[in-house]
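Predicted model only: the values in this text are computed from it and were never measured. When reading the values below, keep in mind they use all heavy atoms of this one structure, side chains included, and skip hydrogens, waters and symmetry mates.
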Amino acid sequence: MSFTQFEREITSERTRDKLAALRERGVWATGFRPYGYRLEDRLLIVEEAEAAVVCRVHDLYAKLKSATRIAGILHRGGLRTHRGTPFNETVGWRTLQNRLYCGERAYLGKSYGVSTRGSYRIAVDTRSESRQNTA
């Protein structure tokens, strides 16, 4: 193994360890914020209006069992994601399958509970039928 390859691997390992430590502390380190939350000091805080939509998506799925029909209902209602795009089937599925709404965060195959510092409040009941059928 060359020295440069060794350095790349060490840097990669340090980066992975740092991101895992941030997740354990409940800090949002990478990527866009999930729908239903806002970022404050790198912590996710529930955005009440969006969280209500997330709960509605899960409730509708429990009744309709169709992300396409849910997307149509939300689109006709004029709802958009926080980035301004209309709700579609992909957005619906991502909302249904996002483990963060059940109080977990995953990184490299390991699941982390939601921060105990109170930076999150679980937006969806983990016992809901829709979560059990889509996970």
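Rounding to the nearest 0.5 angstrom, the gap separating the CG atom in Asp59 from the CD1 atom in Ile70 is 9.5 Å. Note that the NE2 atom of His82 and the OG1 atom of Thr85 stand 8.5 Å from one another [nearest 0.5 Å]. Summarising the geometry, atom CD belonging to Glu13 is positioned 5.5 Å from atom CG belonging to Asp17; distances are rounded to the nearest 0.5 Å. For the atom pair CG (Asn88) and NE2 (His75), the distance works out to 9.5 Å, reported to the nearest 0.5 Å. One finds the OG atom of Ser66 at 7.0 Å from the CD atom of Glu89 (value rounded to the nearest 0.5 Å). Distance check: Ile73 CD1 to Phe87 CZ gives 12.5 Å after rounding to the nearest 0.5 Å.
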side-chain contact (heavy atoms from CB on, under 4.5 Å) for Val57 and Val91? Distances and angles first, verdict last.
CA-CA 10 Å; Val57 166; Val91 174; over 6 Å; no

Check the pair Asn98 / Arg94 against side-chain contact (heavy atoms from CB on, under 4.5 Å), numbers first and verdict last.
CA-CA 6 Å; Asn98 190 339; Arg94 286 184 181 159; over 6 Å; no

Let me see the working for Glu9 and Ser12 under side-chain contact (heavy atoms from CB on, under 4.5 Å), right down to the final yes or no.
CA-CA 5 Å; Glu9 288 182 13; Ser12 257; 5.5 Å; no

Using the rule given for side-chain contact (heavy atoms from CB on, under 4.5 Å), can you reason through Val53 versus Tyr35, listing the C-alpha separation, both sets of side-chain angles and the distance that settles it, and then say yes or no?
CA-CA 9 Å; Val53 174; Tyr35 190 78; 3.8 Å; yes

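Between His58 and Thr95, the closest heavy-atom pair is NE2-O, 3.4 Å.
Thr15 places a side-chain N or O within 3.5 Å of a backbone atom of Thr11 that can act as its donor or acceptor partner.
A heavy-atom distance below 4.5 Å is found between the side chains of Arg83 and Phe32.
Counting heavy atoms of neighbouring residues, nucleotides and ligands inside a 6.0 Å radius, atom CZ of Arg38 exceeds 12 of them.
By the 4.0 Å N-to-carboxylate-O rule, Arg33 lies close enough to Glu50 to be salt-bridged with it.
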